[in-house]
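Each remark here refers to the structure printed beneath this line.
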Amino acid sequence: MMSELVKNADQIKISRPYRLYCIGDSNCLAFRDLLVDIPYSQESAFFYTTYVPGLKAETIHTSKDGLHPQFKMVLQTYSLIFEDDSPLHLSYRFHVHSNIFAAGQALISPVILIIAGDIDLRGKIYHLVTEDTDVILPDEIPYARVPNSRIIPIDLVKAEIQDIVDSLVRGAAELQSKYGARVFIHGVNPPTLDEERFANINEYRMIASKRYKLSWLFNRLLEAECAENGIAYFDIWQDTTKDGYLRPEYELDGVHLAPEAVAFTLKHLFTAISLSSINKTNYVRYRMALPRAANRRAHLTDSDRPTFIKLHADTLRAEQFVKLLQSEGVATTDCRGNFDWVIATNYPAGMRLVELSAEDLRIIGDILESSPIAPAIKGFLGSDFICISCRLTINSGDLNGSAPRLSVAAPDGVIKAVLIVEGTDFKLLDPNDTATEAFRLSPGDLILYQPNALRGVTVGKSRVLELTLMPRLAGQSSVVVNAGINDWPADPFHYSLHGMPVHGAQGRLTISAPSIVYAETIGGEVTSDFLKESRTGLEVVSKLQKPHRVKNIIKRLFVT
Amino acid sequence: MNSRKANYSTCPYNEIDPSQRWDRSIASVSSYDIDPGVIGRVPALSPTTRIGAAGSCFAQYISETLRNVGYNFFDAEPPPQWLKEDKRKAYGYGIYSARYGNIYTALQLTQLLQRSLNKFAASDEVWAEDGRFLDPFRPRLTPSGYPSLAELVADREDHLNAVQRLFKEVEVFVFTLGLTETWLRNSDGAALPVCPGCGVGEYDSKAYSFKNFDVSEVTEHLTEFMSLLASVNPNAKVILTVSPVPLAASFESHNVLLSTSYSKAVLRVAAQAIVSRFVNASYFPSYEIITQTFNNSEYFETNRRNVTAAGVSHVMRCFFRHVANADFDQLHFVEKKAATVSAAEIVCDEEELARALAMRQIASSENSDKN
């Protein structure tokens, strides 16, 4: 075995997945050590999961103790913050960047998924509604009232839940504001349906309809509070319930959902990540990249370069490019402010982003690298380049008269470009918000501009390809990065180690669990005796009736 | 001319009880010790007697005090055990024996009992405000109404079941008569606790009518209540009182002081008539203790309307002496919590009228400023 390994050592493939951090109650164990291939990319992500036994949403942030120590511990354990409590990814210290660069790590805002609330529900919130009482949800949510039960005003129950929700969201908001983390809150899962098992585990009875109502209410309050505080929220009720109740195939053990439900969380999480914005950008990293640019020419600073240059379609011969982009007919994503478009008022309901396929990105990469576009960009930038953000935006013109504006702040050494796919008016605004240049552009025209020298760029009804370009590091391959998990600005350093050229086609979500250890749910060392004695462990096995699933679970139990 | 010597030897007043004489029971007694007693056969309360209460806002003093001194105050619609004290009253729990809020008129009380027994077909009218729903019979039950019509309907059903249980199981029911003026809903004759448009609901002269009951009407309403109560609970005893709190505002076109004296006189007479008619009814003189001249109006606060804590204590002292054969001051020391509540803790719908008038005054002064 060893000899085979040595013989094929040069074939060892390495990858460095994104780190995703998950903190929560036992429901987070479904994500322990998950390795996930991210759709529409060659990227993968690995879950660093911290299970906090007994974690309550109510204690995540208290006025007395502040943020729950476990959350800070995660940041410290994974070196995401320094001893002085400052976040590493926003550091200006040279040696930090140097070390991170050497480690081939992405220096990005950490993604933290919080899963909490289940213990609050079972330990406190369910007790608000006793055996002889019930609640009626607003909005005609059709959960029947238990006969002969007295109604408790829903407003009173909401007020009690709100206190708990507030703590959870306060904690998330602090992670986001103080540490610059990207925080995602997972709503509580639909309760399991097995009444007897619920009673055995929790030592009290509560019929399913009441548990559903209170869980649903918890999620709605949580969702509203998250929206209020700019925290991303999602839950998987739509995916796992039918007629408002959990589908039997997702029932596991009276508390947790079956592992199959994990896929739904991932779907929502990656969607939420792609729609989220990085509020704080570490421009230092980009400045540090400048001296390392490949084929660097002397004038690499912004002051050496004109504010913009305009290249005409007939010069660029970009017909293939334009034709490709014009054929993209389906708008898939609402355009949001975080995608650079800055519309202070009149949210751009008429704007959409087209999600470019991996094949699109590959073609775009080829065209960008071909003549005469590549020399044009290289001439303006002053070095070889990589494209760290690329997206096709459609402005249908239904914007109540306000022209969409591209925000232009960017790190030193980063330039932007707009390729016109449909003819449009185009204006460059100076720092005083005055239009210094106005053009009528045709399909195939390309504008390269220095974002920091402008106040903004506006376009009319059109579709345009937005590009963000920065110097390519020595030894780095050409890269075209869609705004995906990294959002903008995509982190070019992450790709430098692996030389990943262009995002490849995947189009699927695959999950592997190299070391899911169910023993984590019960704690302690996993031994055969322990398994025999462990009620939870035995229940996990006995719950799964299908032979192959039992085998899988047993295997997972013993792999540590 | 020789004056004739008066002969009192055969005067029937010679045999009257000292309490029947002003000089013995009022003029020569310290204010603190004045005790007018009761009228009728009062029930003998013990700490285990199931006591219910309803009425105008003054009735809250009685219900809260009974609860605070540890008597068996009957709560047919109790709050959730986890409910904090600050929210209890805001949602109408424990103020009375069920969450019916203030009941100002005898007709309102009678109709409540009738509704609980399905003997009064009230309209399904609901007031909607800002996406919330209000029950016209209890418009201030919660801080901002119900979030859904379904909850309002379900809660009303629960409430009427609780009211029915209260009247079927109560042993002694204390009712404080408050007003003769009221607003009736034209469609079904229902007496409402508040005038629509004064803070809640919307006034519509075609839908609602003002009514000021006279003695015969109030007596008739109380008689109907007593008869209906007896039909479901023959052993129930009733203690009637009259609220000493003056009207906040009158819809009659004369001074509110005159409306107050009319209203209290009518209620007092009607109460006396009921005590004469029903052996299970008695009268307790809250009204007299607070309003009579022996205390030089010291039982009213500076607004001459709210009753002082000393006044409430005097009332409860007399109440416990005659109705429970207990020393209220001793009970007071037994409990950790203050035995009586302050005026600020009383939930008073009538004060909404004063607020409505104040708002109007502010609006008109703002308009005159603009002009």
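Labels below follow one simple rule: chain letters A, B, ... track the order of the sequence lines, proteins then strands, and each chain is numbered from 1.
For B/Leu149, no part sits under 4.5 Å from any heavy atom of chain A, backbone or side chain. Neither the backbone nor the side chain of A/Val135 comes within less than 4.5 Å of any heavy atom of chain B.
Under the side-chain contact (heavy atoms from CB on, under 4.5 Å) criterion, A/Glu196 pairs with A/Asp194, A/Arg205, not counting sequence neighbours. Listed by chain and number, the residues in a ring pair (Phe, Tyr, Trp, His ring centres under 6.0 Å) with A/Tyr250 are A/Phe264 (sequence neighbours excluded). For the side-chain contact (heavy atoms from CB on, under 4.5 Å) test, residues two or more places apart in sequence or in another chain that qualify with A/His61 are A/Leu67, A/Ser167, A/Arg170, A/Glu174.
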Under 3.5 Å, what donor-acceptor pairs does chain A form with chain B?
{"unit_1": "A/Leu128", "atom_1": "O", "unit_2": "B/Trp82", "atom_2": "NE1", "d": "2.8"}
{"unit_1": "A/Arg145", "atom_1": "NH2", "unit_2": "B/Asp158", "atom_2": "OD1", "d": "2.4"}
{"unit_1": "A/Arg145", "atom_1": "NH2", "unit_2": "B/Asp158", "atom_2": "OD2", "d": "2.9"}
{"unit_1": "A/Arg150", "atom_1": "NH1", "unit_2": "B/Pro78", "atom_2": "O", "d": "3.3"}
{"unit_1": "A/Ile151", "atom_1": "N", "unit_2": "B/Asp158", "atom_2": "OD2", "d": "2.5"}
{"unit_1": "A/Ile154", "atom_1": "N", "unit_2": "B/Glu151", "atom_2": "OE1", "d": "3.4"}
{"unit_1": "A/Ile154", "atom_1": "N", "unit_2": "B/Glu151", "atom_2": "OE2", "d": "3.3"}
{"unit_1": "A/Asp155", "atom_1": "OD2", "unit_2": "B/Arg132", "atom_2": "NH2", "d": "2.3"}
{"unit_1": "A/Glu160", "atom_1": "OE2", "unit_2": "B/Lys84", "atom_2": "NZ", "d": "3.2"}

